[in-house]
Structures are given as C-alpha cells and as structure tokens.
Amino acid sequence: MFRSVVIGVGSYTPENALTNKELEQRVETSSEWIVQRTGIEQRHIAAEGETTADLGEAAAREALKNAGIGVEDIDLIILATATPNNTFPATSVQIQNALGMHHGAAFDMQAVCSGFVFALTTADMYIRTGQAKRVLVIGAETFSRIIDWTDRTTCVLFGDGAGALILEASEAGDGSNQDRGILTSHLRSDGAHKEKLFVDGGPSSTQTTGHLRMQGREVFKHAVGMITDVIVDAFEATGLDENDLDWFVPHQANKRIIDASAKKLNIEPKKVVITVDQHGNTSAASIPLALSVAVNDGRIQKGDLVLLEAMGGGFTWGSCLLRW
Ligand code: UT7
C-alpha cells in the first residue's frame, strides 16, 4: 500500500509587512480591534508586479531544496489558489515552466481557503493509485489584489504568501495508523452558502476580476461546527483522537475560530500552531506556511501526528490527518 509521505516543505512571504498601525491610516479601524477580534498583527503584501506564480515558485524552490531533489523528480504539480495570475493558462503551469519543468502535468485547484486540503487530498489519491511518485503541492495567494481596500470589514484580515509540500510514494509502512504519510482526509462543500463569502466578479459573470465580499459574522457562525465535524470524521476513520495528536495546524483565518475549534475538540493549546498573527489570512497558503514555520523552528518532527483543517468560501471545508 502506498502512503504519501512529506519529504520537503518550503514557504515564501513577500518582503513588505503591513502592520495594523499602518492600516489605521487607510480605514477607520484600530490595531486594538484587529488584534482583539482576529489575533492578526501584520500581513505581507506582494510588491508591484509580484504575482501568485512568483510566490508559488519561491515556495516550491525551497521545498525542492529541503527535500534534496530537483524538478526532474516531480511527476505532478497541484496549485491551490483563488488568485491566479490569469484566467488561463493555469498558474500551476506557469510555475511549472518557471521551475524549468517540461514533463509531467500541472493543474490548479480552486477551493479558496480550503484549497490546500483539497490539493493535498487530490495529490494523495494520485500517489495511492500509483499514478504519481512525487507530487509538488503548492498553496499560493495574492489576496491583496482582490481586496476592497476601502472595506474595513475585510481589508484588515487578508495577506499574501505561499507554501509548498512535496509528497512521495512510500511502501515502508504496514498499512496501520502508525505509518508515516497521509492517513486520512475528508472533504466537504455546500454551495448554499455562496453569498456569505464570494468575489463579486469573474470572466463569465461580469468580465471583471471583482472584489472579495464577506458576511464575517455569518462565516464565523458556521466555521467552528464545520471544522470540528470533519475532524471528528478523521478521528473516526483512523481510531485516533485528540490525545494522539502532536500538532494541530489549522487554516489561519482568525485566532478566535482556531481557539474555539481546539477547545471544542479538547486539543491542548500548546499543540496548536498559530501564524495568523504574522501572516493574516493567506487563504490556500495559510496551512503550508504554518507547517513551514513549525518545521523550521523544530516543533514538527518526523513521526509526529499532525492534524490539518480548513474552511472557506463555497462553503468548502476539510481535514487531513498525517504522520510527518
Ligand atoms: O478564511 C475564510 C473564512 N473566513 C473567516 O473565517 C472569517 C470569519 N469571520 C471573522 O473572522 C469575524 O467575523 C470578523 C473578524 C470578520 C469580524 O469579527 P466579529 O467579532 O464577527 O465582528 P462583527 O462583524 O460582528 O462586527 C462587530 C463590530 C461592527 O460594528 P457594530 O455593528 O457592532 O457597530 C463592525 O462594523 O465591529 C465593526 N468592525 C470594525 N471595527 C473596527 C468591523 N470591522 C472593523 C474594523 N475595525 N476593521
């Protein structure tokens, strides 16, 4: 039985960090309100001309270096993004070209903030079925480009960034939940919630890019329940539970949502990886960015049980339980 084992991780954040204090100059807000309601202290903003593909390429290069392999060893690239460079071609194909890779395949995946969990799950299916040996999974976003910078209810929340993992097929395990690699993943979506979080433009509707619109309180109301549901699914599928976890690496939208989800699941605060303070909500990039931080500072070690979850526009939501 093939398992998808993480062999490399990388990330990239643009140089420019925009602080809450600076945002006070742009809209009627206060650093205190932002920190209290969200936990966010700063977010990174892509430089003029710096695109999602550039961010994704930088994270991918670091992940390849971390894994000690080259693009010749990759069969497939899956990019999770809601902020592509162009309507087409897919941004993943642009990253593939920038990396000098002209074999295999690349495609984009669109599940907004849940995109990375959807991409990881898809990559895992390619590996489990023997269709791919190594998959580069990237989450990259430039949400600063779809933000209405006059709307204080959204512009303080989001940031730009990218993270990447490399998954490799491994037959080393015995098929038990002690194996390294992805143990289980659970994806959900429900389009009935479209109006609560969406972009008010697109090629087929308005022929414009549009801006992000969100009924924050409504999203918040659904978030914790949806997140905990798919985590319970992961526990039930594996027979593992919160006591077995080493790390909980949630999508980083709001520290209050993360804290409430962890509390509902009895996950100890010391096991929760938080980066929303430094990155804001980077949508599909938030989980691989947080993973990269926790691997590089030595928290996540080989063999650790790591729980990922995300929830976002659509709504889409999902969980993934893996042994590092
Ligand atoms: O990643 C995708 C999923 N997205 C999310 O998970 C986001 C989910 N939602 C949230 O994180 C929170 O709902 C927000 C952070 C967006 C808002 O926090 P909240 O505690 O739900 O606040 P609220 O929307 O109920 O607004 C409270 C007050 C309002 O004023 P009134 O109506 O009580 O007078 C807002 O107008 O705060 C006001 N407000 C602000 N004040 C200062 C809204 N935005 C701001 C702001 N600065 N930036």
Side-chain angles (χ1 to χ4, degrees), residues 18-43 80-83 110-119 139-144 146-161 163 187-191 193-199 211-231 249-262 264 272 274-277 279-290 308-319:
L18 178 65
T19 63
N20 292 347
K21 278 272 164 237
E22 289 170 277
L23 275 170
E24 287 178 1
Q25 315 302 315
R26 293 195 187 195
V27 286
E28 201 186 326
T29 190
S30 68
S31 181
E32 197 191 357
W33 188 95
I34 302 170
V35 172
Q36 216 172 59
R37 300 284 177 138
T38 72
I40 299 168
E41 287 168 16
Q42 63 161 36
R43 70 287 292 141
T81 190
T83 46
Q110 163 54 298
V112 209
C113 295
S114 312
F116 195 77
V117 174
F118 277 62
E141 302 278 17
T142 47
F143 261 51
S144 64
I146 55 164
I147 290 300
D148 174 353
W149 285 99
T150 65
D151 175 9
R152 71 172 183 170
T153 69
T154 52
C155 77
V156 303
L157 304 174
F158 294 91
D160 301 336
L187 304 182
R188 294 288 313 277
S189 61
D190 184 352
H193 302 281
K194 181 195 166 196
E195 300 302 322
K196 298 184 183 87
L197 177 51
F198 69 107
V199 168
H211 291 107
L212 182 149
R213 305 294 174 202
M214 177 166 73
Q215 300 166 22
R217 210 176 308 183
E218 284 299 310
V219 179
F220 198 119
K221 251 176 22 196
H222 287 83
V224 178
M226 288 176 161
I227 289 164
T228 49
D229 277 357
V230 281
I231 291 174
V249 187
H251 168 51
Q252 310 280 322
N254 184 323
K255 187 164 183 302
R256 285 160 57 215
I257 296 177
I258 296 172
D259 290 346
S261 311
K264 197 169 167 193
V272 184
I274 306 261
T275 52
V276 69
D277 54 332
H279 299 152
N281 181 348
T282 57
S283 183
S286 90
I287 291 175
L289 264 170
L308 316 178
E309 62 78 4
M311 182 264 180
F315 290 153
T316 55
W317 64 108
S319 67

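Positions are given from 1, in the same order as the sequence printed here. Every number for a ligand or one of its atoms is a count from 1 in the order of the listing.
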Nearest heavy atoms of Ala260 and Val224, plus distance in Å: CB-CG2, 3.9 Å
Under the rule for salt bridge (Lys or Arg N to Asp or Glu O under 4.0 Å), what residues qualify as partners of Asp148, not counting sequence neighbours? Arg213
Within the protein, flag every N or O under 3.5 Å from an N or O of ligand 1, and note the pair and distance.
from     : atom 1 : to     : atom 2 : distance (Å)
ligand 1 : 1 (O)  : His251 : NE2    : 2.9
ligand 1 : 1 (O)  : Asn281 : ND2    : 2.7
ligand 1 : 9 (N)  : Gly216 : O      : 3.0
ligand 1 : 11 (O) : Asn254 : ND2    : 2.6
ligand 1 : 13 (O) : Gly216 : O      : 3.1
ligand 1 : 20 (O) : Arg37  : NH1    : 2.9
ligand 1 : 20 (O) : Arg256 : NH1    : 3.1
ligand 1 : 20 (O) : Arg256 : NH2    : 3.3
ligand 1 : 22 (O) : Arg37  : NH1    : 3.4
ligand 1 : 25 (O) : Arg217 : NE     : 2.6
ligand 1 : 25 (O) : Arg217 : NH2    : 2.9
ligand 1 : 36 (O) : Arg152 : NH2    : 3.1
ligand 1 : 37 (O) : Trp33  : NE1    : 3.3
ligand 1 : 41 (N) : Trp33  : NE1    : 3.4
ligand 1 : 41 (N) : Arg152 : NH1    : 3.4
ligand 1 : 47 (N) : Thr29  : OG1    : 2.6
ligand 1 : 48 (N) : Thr29  : OG1    : 3.1
ligand 1 : 48 (N) : Arg152 : O      : 2.8

For the student: nearest non-hydrogen atoms of Gly312 and Leu197, plus distance: C-CD2, 4.1 Å
dist Met311:CE -> Ile227:CD1 (nearest 0.5 Å) comes out at 7.0 Å
Could you tell me which non-hydrogen atom of Ala290 sits nearest to which non-hydrogen atom of Val249, and how far apart they are? CB-CG1, 3.6 Å
Measure across Leu23 and Ile34 and return the closest heavy-atom pair with its distance rounded to 0.1 Å. CD1-CD1, 4.4 Å
